Amino acid sequence: MRTRNAVARDYYGILGVGREASDDEIKRAYRKLARQFHPDVNPDPEAQEKFKDINAAYEVLSDDRKRQIVDLGGDPLAPGGGGAGGPGGPGGAGPFVGFQDIMDAFFGGAAGGSRGPRPRTRPGADAILRLELDLHETAFGVEAPITVDTAVLCTTCSGAGTAAGTHLATCEACGGRGEVQSVQRTFLGQVVSARPCTVCQGYGTTIPHPCPTCAGDGRVRTRRSLTVKIPAGVEDGMRIRLAQQGEVGPGGGTAGDLYVEIHERPHDVYSRKGDDLHCRVTVPMTAAALGTRLTIKTLDSEETVDVKAGTQPGSTLRLRARGVPHLRGTGRGDLYVHLDVRTPTKLDADQERMLRDFAKTRGEEVAELTKQGGFFSRMRDAFNGHA
Ligand SMILES: [Zn+2]
Ligand SMILES: [Zn+2]
């Protein structure tokens with residue numbers, strides 16, 4: 001049943017889409033072209049004609065019934081071309097609406113008109129607080145007192161924002177809708193644009209007699225003291241979440257969460273890597289050579305460890321499970337003791353002689369430094385055959 005119509009326009013071609021195009025593809029094509037040819041952005045007179053075509057094509061192809069007529073070879077916008085009907089009418093006569101209104105009407109934005117006033121009571125924001133702790137506290141946990149500065153529920157009005165014995169009033173400017181609408185007729189039918197009501201800020205209600213304590217906000221800023229339980233094993237930068245201890249929302253809305261961010265103070269002796277601890281201990285050269293026994297103070301105990309005879313500089317002793325307790329699961333990290341072997345710096349004459357004798361018994365020749373020329377002059381002598 002093809003309707004023969006010589007002037008049937010190629011609506012698909014106008015939007016540059018195929019016959020199988022989805023609603024989404026049609027919408028995208030329309031948006032792209034409308035941006036290009038809308039008289040607000042394109043002053044070229046030809047663009048006006050083009051824009052009319054684009055709108056007509058979109059009107060037809062975005063309507064299942066009209067699109068079907070096109071697919072059957074008809075033209076729903078031509079007089080007698082299949083019964084266009086609808087408010088747009090043949091040709092979609094009407095003034096150009098604002099560019100933004102078209103964008104809003106089709107792709108979301110201020111328009112719509114069905115969302116109604118925004119609620120006075122809204123959820124509150126999260127808050128964050130920095131908490132400095134010692135290594136001992138992060139390692140073993142602590143109950144830390146904190147001071148929190150956030151909005152809390154106004155107890156005078158319980159969040160309602162109205163003075164005692166008074167109520168909210170319906171906004172007269174918008175009739176309680178929270179927005180003011182304007183309707184324009186276009187090729188596409190009616191385009192409704194809406195703006196939030198400036199009298200009530202979109203709430204649809206006004207507060208004739210605000211609560212004297214919170215001035216209508218339903219909340220007040222207050223400093224509170226809380227105790228936060230820090231579990232053992234937390235690390236620098238971690239956050240502890242305290243549900244609903246953040247900011248109370250406007251109109252007494254549910255409070256956001258409070259995040260306590262851990263900052264670990266550097267320790268004098270231990271540095272921390274994950275749950276392992278590291279420290280440095282200096283041992284004299286003689287002790288490193290002969291072996292010795294050290295007493296190491298850990299975070300929570302004293303340990304006796306043996307330094308084996310012949311220990312080299314940079315050696316490490318590992319004390320298992322003497323580090324930081326794991327936050328999850330059981331057990332602890334290790335403590336690594338890095339040994340610095342100290343060479344004696346000041347030897348008296350006796351000590352020097354003993355050390356030279358010692359070197360001799362080991363077959364370790366030790367060239368003597370002269371008061372004048374040092375190592376380099378002796379090396380030079382050696383090269384020149386004077387040594
Ligand atoms: Zn209003
Ligand atoms: Zn109040």
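Just so you know, these numbers come straight off a predicted model, no measurement behind them. Every number for a ligand or one of its atoms is a count from 1 in the order of the listing.
The aromatic rings of His38 and Phe51 sit perpendicular to each other, their planes meeting at more than 60°, with 30° as the lower class boundary.
Checking side-chain atoms of Thr121 against main-chain N and O of Gly251 turns up a donor-acceptor pair under 3.5 Å.
Counting heavy atoms of neighbouring residues, nucleotides and ligands inside a 6.0 Å radius, atom CD of Glu172 does not exceed 12 of them. The environment of CZ in Arg320 is sparse: at most 12 heavy-atom neighbours from other residues, nucleotides or ligands sit within 6.0 Å. Heavy atoms from other residues, nucleotides or ligands lying under 6.0 Å from CZ of Arg122 number more than 12. Residue-environment remark: NE2 (His338) exceeds the threshold of 12 foreign heavy atoms within 6.0 Å.
Panel detail: the Zn ion (ligand 1) has protein N, O or S atoms under 2.8 Å away, 4 in number. The number of protein N/O/S atoms found under 2.8 Å from the Zn ion (ligand 2) is 4.
In this model, no donor atom of one side chain and acceptor atom of the other lie less than 3.5 Å apart for Arg31 and Tyr58.
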For residues 135-148, which side-chain donor-acceptor pairs fall under 3.5 Å, sequence neighbours excluded?
from   : atom 1 : to     : atom 2 : distance (Å)
Glu137 : OE1    : Asp134 : N      : 2.8
Thr138 : OG1    : Leu135 : O      : 3.0
Thr138 : OG1    : Glu264 : OE2    : 2.7
Thr138 : OG1    : Arg272 : NH1    : 3.4

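Among residues two or more places apart in sequence or in another chain, the salt bridge (charged side-chain N to carboxylate O under 4.0 Å, His left out) test is passed with Asp10 by none.
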